Amino acid sequence: MSAVEAVAPVRATSRPRRVVSTRFLRSELRLVFGRLRNLAVLAVLAGVPILIAVAVRLSSPDSGEGPAFLSSITDNGLFVSLAAMTVVLPLFLPLAVAVVSGDAVAGEANLGTLRYLLTVPVRRSRLLAVKYTAVVAFCFAATLVVGLVGAAIGLALFPAGPVTLLSGTTVGSAEASWRILLCALYIGACMAALGAVGMFVSTLTEYPVAAMASTAVLAVTSQVLDALPQLSAIHPYLLSHWWLAYGDLLRDPMSSTGPLHGLGSAAAYIAVFGALAWARFAGRDVSS
Amino acid sequence: MTATARAGSVAARSTDPARTGSGDAIRTEGRTKRFRSGQVAVDRIDLVVPRGSVYGFLGPNGSGKTTTIRMLLGLITPTAGSHSMLGEPMPRAAADVLPRVGALVEGPAFHPHLSGRRNLARLDAADRTSDPRTATTRIGTALERVGLTAAAGKRYRAYSLGMRQRLGIAAALLQPRDLLVLDEPTNGLDPQGTREVRGLVESLAHGGTTVLLSSHLLSEVDQVCTHVGVMHVGRLVSQGTIEDLRTAAVPRVHVRTSRPDDAAAVLRRLGVPAPTVHSGEVVADLGPFEPEALLRELVLADVPVREFRVDTADLEDVFVALTGEGFDVSG
């Protein structure tokens, strides 16, 4: 503080002008994607397709049952993507999304940085919007990491021959590639819905770990309920019910009924839990 | 800071045309916060912080200072009352007012894995009124003002308590501010750091910034403040210029003598209220009496006076009188 006298303080004079800028969003993205923990989560996800590809490469062609698409890998390496996405979908991916979305508000509250963001000031609705945008970016990044690493390792270890779709038709690699990309984007959208749930949970507590765990538990519970035939009446409304509908995108002709239901369900979850998060956070006392 | 220098700066500030007639920097009317537990943390306070003042917001720990500051800044929803900042109603005008307010609330808080500089950059990025082209310069200047330039690249995790406090102050200085709200800014600072913060507050005040300085330490406020408000158990029990508060203090007379009981009897006879005797010294509130008259009466009554002293009670006594207890005890 030796330079106190040297720097003449200047008084703000007029009402400050607000400008529309992506600076805060970029800062938030840097925070999410620059954080070692989140990078480790992405690395673990990237490890899944590598593990699958190496395991299949090293084993005999007829080593029995496995996850969907596993047997097709030896025909076309792109199927590593699909097999890996199917493997991470029930648990790994929801866990990753729970970590980032549960941390969104609760993490800042826990550190105390929330009060400083709000006094900058950042409007609470804007804070939620920016936080959620970063969560969505992470959801797609996580899914795409699995897909892209899967495609890369698959094409490195296996041939890129004609691909037989679920309905029995055979298509070329180019066609298969964009269908797989579509699958990844669909799963990303499903994860964004989970992210909205996670962010709502995150506004309820000042303990990020509690928010993360609760979100993960919700994702798993939804899948458990979805597996009980006695509860079939509520199945279509469950968060995870449409997650596997991406299989429809691999039929010929491509069926969009399931995925469209899934997108509708995801949009509804995002709207409802986004509104709940806002309702909860807008008037909340920030006393951490 | 000497008394002369302070008087000079007050005069200089009060002639600033930009400030006269533009109202108070902070004004609250009946602001109250009752928590869901039913506890009333802040009870109908009418805070008036004039523009250009350095307002010492005093009170023991737990007296409601931080809750008040949180309400002022819109972090918590008040239960009742109203308040304005920089002449605009709050929290409605928060988006226009808060960019002109720098705040340090209940200690610094930053992302531990980011450097000091990166943490400031994040806060600056969140501010829609800040100019990205000048961000690097402003961040550099703020770090320099608090003496953190050398440690700017270090992770916040590795900062000492004092460095963290400095970074918190730097965050409040990212923009030119009309009002600074500093909640316990010298917590965790060593005496040297405390002096530096005091110097910083003085230089900011000279530049025309109004400062609300909360503290439980009297010595901090005594030396830099022009105005003082005292909180006690959620109430604002006193408010005014620091001179007003000093005059409110009742001067006391001390008589040291070998016959304290006789001295006390003389004072009692004259009508001085409740003189007390301990260890050979008689102490009493002076009240409306002339010290000279008291001394003459004592001597005429053959009391051997070894020492006769009238002291203007220091602020410490005033605060103890107002808060009814030691200053560091939470109320």
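So that the names make sense, note that chain A is the first sequence line, chain B the second, and so on, each numbered from 1. No experiment lies behind these values; they were computed from the predicted model shown.
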May I ask you to check whether over 12 heavy atoms, not counting those of [X], lie within 6.0 Å of atom [atom1]?
| X | atom1 | result |
| --- | --- | --- |
| A:Tyr237 | OH | no |
| B:Arg133 | CZ | no |
| A:Tyr207 | OH | no |
| A:Phe140 | CZ | yes |

Looking at every non-hydrogen atom in both residues, tell me the closest pair between [X] and [Y] and how far apart they are.
| X | Y | result |
| --- | --- | --- |
| B:Gly74 | A:Arg124 | O-NH2, 3.5 Å |
| B:Ala125 | A:Arg126 | O-NH2, 4.4 Å |
| B:Ala94 | A:Pro121 | O-CG, 3.9 Å |
| B:Arg122 | A:Glu28 | NH2-OE1, 2.8 Å |
| A:Arg115 | B:Val105 | NE-O, 2.8 Å |

Among the listed options [options], the residue most often paired with chain B at heavy-atom distances under 4.5 Å:
| options | result |
| --- | --- |
| A:Gly107, A:Gly112, A:Ser287 | A:Ser287 |
| A:Val120, A:Leu117, A:Val130 | A:Val120 |
| A:Leu118, A:Leu111, A:Leu114 | A:Leu111 |

Margin query: Using a strict threshold of under 4.0 Å (side-chain N to carboxylate O), is an ion pair present between A:Asp285 and B:Arg36?
Written below: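 No.
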Margin query: Do A:Thr119 and B:Leu75 make a side-chain contact, defined as non-hydrogen atoms from C-beta onward lying under 4.5 Å apart?
Written below: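 Yes - at least one pair of side-chain heavy atoms lies under 4.5 Å apart.
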Check: Are B:Arg128 and A:Val122 side-chain neighbours, meaning at least one heavy-atom pair lies under 4.5 Å?
Finding: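 Of all side-chain heavy-atom pairs linking A:Val122 with B:Arg128, none is under 4.5 Å.
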[options]: which one forms the most heavy-atom pairs within less than 4.5 Å of chain A?
| options | answer |
| --- | --- |
| B:Met71, B:Glu106, B:Arg118 | B:Glu106 |
| B:Leu73, B:Asp124, B:Leu143 | B:Asp124 |
| B:Ala135, B:Gly107, B:Gly102 | B:Gly107 |
| B:Ala126, B:Pro108, B:Pro132, B:Ala171 | B:Ala126 |

Next item on the list: Tell me, for B:Thr66 versus chain A, whether the close heavy atoms (under 4.5 Å) come from the side chain, the backbone, both or neither.
Entry: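 When you check distances to chain A, no heavy atom of B:Thr66 falls under 4.5 Å.
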Margin query: Is B:Leu114 in contact with chain A via its backbone, its side chain, both, or neither, using a 4.5 Å heavy-atom distance?
Written below: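 For B:Leu114, the contact with chain A is made by the side chain alone.
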Check: Between CG of B:Asp127 and CZ of A:Phe24, what distance do you get to the nearest 0.5 Å?
Finding: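 So the gap between those two atoms works out to 10.5 Å.
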Check: For the atom pair NE2 (B:His113) and CG (A:Leu31), what is the distance rounded to the nearest 0.5 Å?
Finding: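 Separation between the atoms: 5.0 Å.
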Checklist line | Evaluation steps, side-chain contact (heavy atoms from CB on, under 4.5 Å), between B:His111 and A:Arg35 | finding: CA-CA 10 Å; B:His111 290 277; A:Arg35 182 136 187 209; 6.0 Å; no
